[in-house]
Amino acid sequence: MTDAAARDALIAPHRRTGRLSGRCLCGAVSIEVDGKYVAAIGACHCVMCQRWSGMLFGSFVAETQGVAVTGPVRSYVSSSFSERGFCETCGSPIWLRATDRDEPEIELFPGLFKEAADFALLSEIYTDLAPNYACLKGEHIRRTRAEVQAKHPFVEGDN
Ligand SMILES: [Zn+2]
Ligand SMILES: [Zn+2]
C-alpha cells in the first residue's frame, strides 16, 4: 500500500458530508461548512504552530468549495507554501491553506466549532518537539520531525 493509500484508509471512516457552523472568539468572523469534511484532528507541534496557537495546534480539513468565511479575516504568509488566516479583531486562528498548489482542501480549527468536540484525534506530528504540557494520549499516528521532513522536504521556518 502506498503512503497516500494508507492515509486514505485511515481517514475514510471519518469522512462526512454536512454542515458545521463556527465563529471566532469575538464573533466578528463566522465560518460555515456545507459539504465534505474530515471529522478528525491532526495535531502539529512544529515551532511555527506552537507560536501561532500559543500551545497546541490541531486542525481538520474541509473541501474549500464548501467553506464560507465572513468577517474581517487577515492572512499571514507563514512559509513559501502556506498562509494562515485570523480574525483581525480578536486574533482567533481561522484557517491554514496551501499557496503553492491548487489544494482542494483547507484546514480549519476545531475549537471554533461546537460540533467538532467529538471529532477523533487522527494524528500528531513533530512529536519530538512537543512540550511537556501538550502530551496527547491515546492511539493515533505519531510522526517525528525527521519522519515528517523526509516526506515534506520543503518545510521551513520552524525554528
Ligand atoms: Zn474575532
Ligand atoms: Zn505545524
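Ligands are counted one by one from 1 in listed order, and the atoms in each one are counted from 1 as well. Values below: every heavy atom of this structure, side chains too, minus hydrogens, waters and symmetry copies.
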*Asks:* Compare all side-chain heavy atoms of Glu83 with those of Trp95 and state whether any distance is below 4.5 angstrom.
*Replies:* yes
*Asks:* Take the Zn ion (ligand 1) and tell me which protein N, O or S atoms are nearer than 2.8 Å.
*Replies:* Cys24 SG, Cys26 SG, Cys87 SG, Cys90 SG
*Asks:* Does a donor on one side chain and an acceptor on the other come within less than 3.5 Å for Thr127 and Arg142?
*Replies:* no
*Asks:* Give a yes/no verdict on a cation-pi contact between Arg51 and Tyr76, requiring under 6.0 Å between NZ or CZ and the six-membered ring centre and an angle within 45° of the axis.
*Replies:*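 That pair does not qualify as a cation-pi contact.
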*Asks:* Do other residues, nucleotides or ligands put more than 12 heavy atoms under 6.0 Å from Gln65 CD?
*Replies:* no
*Asks:* Is any side-chain heavy atom of Leu25 closer than 4.5 Å to one of Cys87?
*Replies:*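 Counting from C-beta outward, Cys87 and Leu25 never come under 4.5 Å.
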*Asks:* Checking the side chain of Thr17 only, and the main-chain atoms of Lys36 only, is there a donor and an acceptor separated by less than 3.5 Å?
*Replies:* no
*Asks:* Below 2.8 Å, which protein N, O or S atoms neighbour the Zn ion (ligand 2), ignoring water?
*Replies:* Cys44 SG, Cys46 SG, Cys49 SG
*Asks:* Check whether Glu115 reaches the backbone of Ser21 with its side chain - one donor and one acceptor, N or O, closer than 3.5 Å.
*Replies:*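 Confirmed, Glu115 side chain pairs with Ser21 backbone.
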*Asks:* Identify which one of Phe86, Phe119, Phe57 satisfies the ring-ring contact (aromatic ring centres under 6.0 Å, His included) criterion when paired with Phe109.
*Replies:*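 Looking at Phe86, Phe119, Phe57, the match for Phe109 under the ring-ring contact (aromatic ring centres under 6.0 Å, His included) is Phe57.
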*Asks:* Do His45 and Glu124 have side chains that get closer than 4.5 Å, going by heavy atoms?
*Replies:* yes
